[in-house]
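Worksheet: the structure to be examined is printed underneath.
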Amino acid sequence: MSLSDLPAVLGIQNELGFQNWSLKQFETSLSSSSLLALVCELGEELVAYLLVQILGEEAELLSIAVQLSHKREGIGSRLWNEGLLQLKEKGVQRLFLEVREGNSAAQSFYKNHQFINYGIRKRYYSDGENALLFRFDF
Ligand SMILES: CC(C)(COP(=O)(O)OP(=O)(O)OC[C@H]1O[C@@H](n2cnc3c(N)ncnc32)[C@H](O)[C@@H]1OP(=O)(O)O)[C@@H](O)C(=O)NCCC(=O)NCCS
């Protein structure tokens with residue numbers, strides 16, 4: 001992900017109704033070596049992105065998102081598989097994430113990729129929804 005990708009990345013973020021990062025946060029975080037930020041392009045079009053924060057041997061998946069019109073085409077899987085390779089190369093051993101309890105598509109995606117649901121955080125989100133906790137062991 002480079003600075004010129006940010007309008008398209010923010011476009012996907014808005015389309016999905018995520019309240020993740022502002023343009024400013026992206027701009028300041030992209031230069032950090034502790035952030036793995038990947039995008040997937042189909043021809044000229046940016047259709048998905050992945051953000052992972054790396055903290056030594058541990059990492060946190062901040063976001064994985066695919067444009068609505070390209071869901072369920074294997075793009076999220078390709079992006080995760082590439083992320084997995086790069087995180088392995090950086091010596092990451094465990095990756096954690098939270099996902100909304102009502103987001104069954106993402107939960108199926110993570111289970112399909114051998115993530116383990118190891119817990120729940122009650123009323124984690126500001127609207128009161130629970131978070132399911134997943135981890136991936138490399
Ligand atoms: C979750 C997400 C990244 C998956 O990306 P994707 O490109 O659509 O997923 P893939 O096509 O690679 O799917 C791989 C597998 O995940 C599972 N899966 C993906 N979407 C699913 C859905 N809507 N319902 C059930 N299972 C699903 C299936 O097992 C699928 O394999 P299959 O198609 O052979 O059955 C995508 O749906 C997305 O962007 N969601 C909105 C953002 C989000 O919720 N991100 C996660 C929280 S940060």
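Both ligands and their constituent atoms are indexed starting at 1 by order of listing.
Geometrically, Arg100 engages Tyr125 in a cation-pi contact defined by less than 6.0 Å to the ring centre and at most 45° from the axis.
Side-chain atoms of Val47 and Glu41, non-hydrogen and from C-beta on, never get closer than 4.5 Å to each other. Within the 4.5 Å cutoff, the side chain of Phe26 has heavy atoms near those of the Val9 side chain. Side-chain atoms of Asn130 and Arg121, non-hydrogen and from C-beta on, never get closer than 4.5 Å to each other. Looking at heavy atoms from C-beta onward, His113 lies in side-chain contact with Ser77 at the 4.5 angstrom threshold. Under the 4.5 Å side-chain criterion, counting only non-hydrogen atoms from C-beta, Glu73 is not in contact with Val66. Annotation: side chain of Leu30 is in contact with side chain of Met1 (closest heavy-atom distance under 4.5 Å). Side-chain atoms of Trp80 and Leu61, non-hydrogen and from C-beta on, do get closer than 4.5 Å to each other. Using a 4.5 Å cut-off on side-chain heavy atoms (C-beta onward), Gln13 and Leu10 make contact.
Closest protein heavy atom to atom 45 (N) of ligand 1: Ile64 O, 2.8 Å. Nearest protein neighbour of atom 7 (O) of ligand 1, counting heavy atoms only, is Gly76 N, 2.7 Å. Among protein heavy atoms, atom 39 (O) of ligand 1 sits closest to Val66 N, 2.7 Å. Among protein heavy atoms, the minimum distance from atom 42 (C) of ligand 1 is reached at Phe18 CZ, 3.2 Å. Nearest to atom 26 (N) of ligand 1 among the protein's heavy atoms is Ser108 CB, 3.2 Å. If you check which protein heavy atom lies closest to atom 38 (C) of ligand 1, you get Lys71 CE, 3.7 Å.
For the pair Trp80 and ligand 1, no heavy-atom separation below 4.0 Å is found.
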Item to check | Worked check of side chain to side chain donor-acceptor pair (under 3.5 Å) between Tyr124 and Glu129 | outcome: CA-CA 6 Å; Tyr124 176 76; Glu129 187 170 354; over 6 Å; no
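Polar contact check, Val99 against ligand 1: no nitrogen or oxygen pair lies under 3.5 Å apart. Considering both main-chain and side-chain atoms, Leu62 never comes within under 3.5 Å of ligand 1 through any nitrogen or oxygen pair. Every N/O-N/O distance between Leu16 and ligand 1 stays at or above 3.5 Å. In terms of polar-atom proximity, His70 is not counted as a contact of ligand 1, lacking any N or O under 3.5 Å from an N or O of the ligand. Close N/O approach between Asn103 and ligand 1 is found [any backbone or side-chain N/O within under 3.5 Å].
The aromatic ring centres of Phe136 and Phe138 sit less than 6.0 Å apart.
The protein does not reach atom 2 (C) of ligand 1 closely, with no heavy atom under 4.0 angstrom from it. For atom 11 (O) of ligand 1, the nearest protein heavy atom lies closer than 4.0 Å.
Of the candidates Arg72, Glu15, Arg100, the one placing a heavy atom closest to atom 25 (C) of ligand 1 is Arg72. Remark: among candidates Gly74, Ala65, Ser77, the nearest residue to atom 14 (C) of ligand 1 is Ser77, based on non-hydrogen atoms.
Interface atoms of ligand 1 facing Phe109, defined by a heavy-atom separation under 4.0 Å, are 4 (C), 9 (O), 12 (O), 13 (O), 14 (C), 16 (O), 17 (C). Against a heavy-atom cut-off of under 4.0 Å, Ala106 is close to the following atoms of ligand 1: 1 (C), 44 (O), 46 (C). The ligand atoms of ligand 1 that sit less than 4.0 angstrom from a heavy atom of Glu73 are 11 (O).
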